[in-house]
Amino acid sequence: MDFSLIVESFPIYLSGLWTTAWMVGVALVIGLAVAIPLAVARNSHNYLFMAPSWAYIYFFRGTPLLVQLYLIYYGMDQFFPVKDTPWENAWFCALVAFVLNTSAYTAEIIRGAINGLPKGEIEAAKAYGMSTFMTYRRITLPSALRRALPVYSNEVIFMLHGSAVAGIVTIVDLTGAARLVNSRYYAPFESFLTAGMFYMALTFMILWCFKLAEKRFLAYTRPLS
């Protein structure tokens, strides 16, 4: 194993690391903002709200992220011109695909957390005279988001690993950096092993952050010793 080429290519990996980190971070933030109303609509008894959200979640959970990225990157110009617009940029297309994909999975996670809330919390809110909107804002959503943390951490990790498809549309993320180094030195083992180590480091950092968040926000669910 030639460590010298890894050291020589380190700036390329750092650039790819930054691209991966900001794209995944922005996609997760926007995806979470989209997922919350989607989850509420999915739980609605009104068919006009429930049906579109169900179709959205079903489509983006039922198709691979790579296919979604191809449809956005290569297929949009069939419906409207994208030349000299933000849609023409590969990173923008990848970001849209990531947001659509993660919002569908996150909406289903939040929906499950809402349905799993103790009935006593909702009944207590109603007994205090809270409206449905106020109950969601003060009781249901805060409690559901806290309880969804352990499952949502898996979605964050899956999104990080799934972001590797961005390299296919010319984006130099971590996987793209590994491909670039491999094309220069013809050393696939060193190139992709280094990228894998960066992904592993990011994964452990995410797990550590979620463990701290769970310790803080789910402390009230642990039994008193």
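Bear in mind that the values here come from a model prediction, so they are computed numbers and not experimental data.
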Of all heavy-atom pairs between [X] and [Y], which one has the smallest distance, and what is that distance?
X	Y	value
Leu117	Ala144	CD2-N, 3.9 Å
Ala148	Ile109	CB-CG2, 3.9 Å
Ala39	Ala107	CB-O, 3.4 Å

Please report the interatomic distance [atom1]([X]) to [atom2]([Y]), rounded to the nearest 0.5 Å.
X	Y	atom1	atom2	value
Arg184	Glu8	CZ	CD	8.5 Å
Ser163	Leu65	OG	CG	9.0 Å
Phe92	Ile171	CZ	CD1	12.0 Å
Ser53	Leu48	OG	CG	11.0 Å
Thr140	Asn43	OG1	CG	10.0 Å
Ile206	Met159	CD1	CE	11.0 Å

Check the side chains of Gln68 and Thr63 for a donor-acceptor pair under 3.5 angstrom, ignoring hydrogens and angles.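 Result is yes, a qualifying pair exists.
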
Looking only at side chains, do Tyr185 and Glu190 share a donor and an acceptor under 3.5 Å apart?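 Their side chains do not contain a donor-acceptor pair, so the 3.5 Å distance test is not met.
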
According to a hydrophobic-cluster definition based on side-chain heavy atoms being under 4.5 Å apart (Ile, Leu, Val, Met, Phe, Trp, Tyr only), do [X] and [Y] belong together?
X	Y	value
Met50	Leu141	no
Leu100	Leu28	yes
Phe60	Ile72	yes
Leu207	Val156	yes
Phe158	Phe98	no

[Y] and [X], any side-chain heavy atoms less than 4.5 Å apart:
X	Y	value
Leu17	Asp173	no
Leu174	Leu202	yes
Val181	Tyr13	yes
Lys211	Trp208	no
Pro118	Arg147	yes
Leu32	Ile110	yes
Phe192	Arg179	yes

Would you sort out whether Thr170 and Trp91 count as a side-chain contact (heavy atoms from CB on, under 4.5 Å), showing the intermediate values? CA-CA 9 Å; Thr170 71; Trp91 66 265; over 6 Å; no

Quick one: side chain to side chain donor-acceptor pair (under 3.5 Å) pairs with a partner in residues 14-26, sequence neighbours left out?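 Matches after skipping sequence neighbours: none remain.
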
I'd like to check the side-chain contact (heavy atoms from CB on, under 4.5 Å) partners of Val34; sequence neighbours left out, ordered by chain and number.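 In terms of side-chain contact (heavy atoms from CB on, under 4.5 Å), with neighbours along the sequence ignored, Val34 is linked to Ile30, Leu38, Tyr56, Ser103.
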
Of all residues at least two apart in sequence or in a different chain, which pass the side-chain contact (heavy atoms from CB on, under 4.5 Å) check with Ser183?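 Result, side-chain contact (heavy atoms from CB on, under 4.5 Å) vs Ser183: Leu180.
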
Has the side chain of Ser131 got a donor or acceptor atom that lies under 3.5 Å from a matching backbone atom of Met134?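 Present.
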
Do the rings of Phe10 and Phe198 sit parallel, tilted or perpendicular, given the 30° and 60° boundaries?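 Geometry flag for Phe198 against Phe10: tilted rings.
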
Run the side-chain contact (heavy atoms from CB on, under 4.5 Å) test on Ile36 and Thr106 for me, step by step, so that the C-alpha distance in whole Å, both residues' side-chain angles and the decisive distance to 0.1 Å come before the verdict. CA-CA 8 Å; Ile36 292 174; Thr106 305; over 6 Å; no

Is it the case that atom CZ in Phe210 sees more than 12 heavy atoms from other parts of the structure closer than 6.0 Å?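 Buried by this count: over 12 neighbours within 6.0 Å.
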
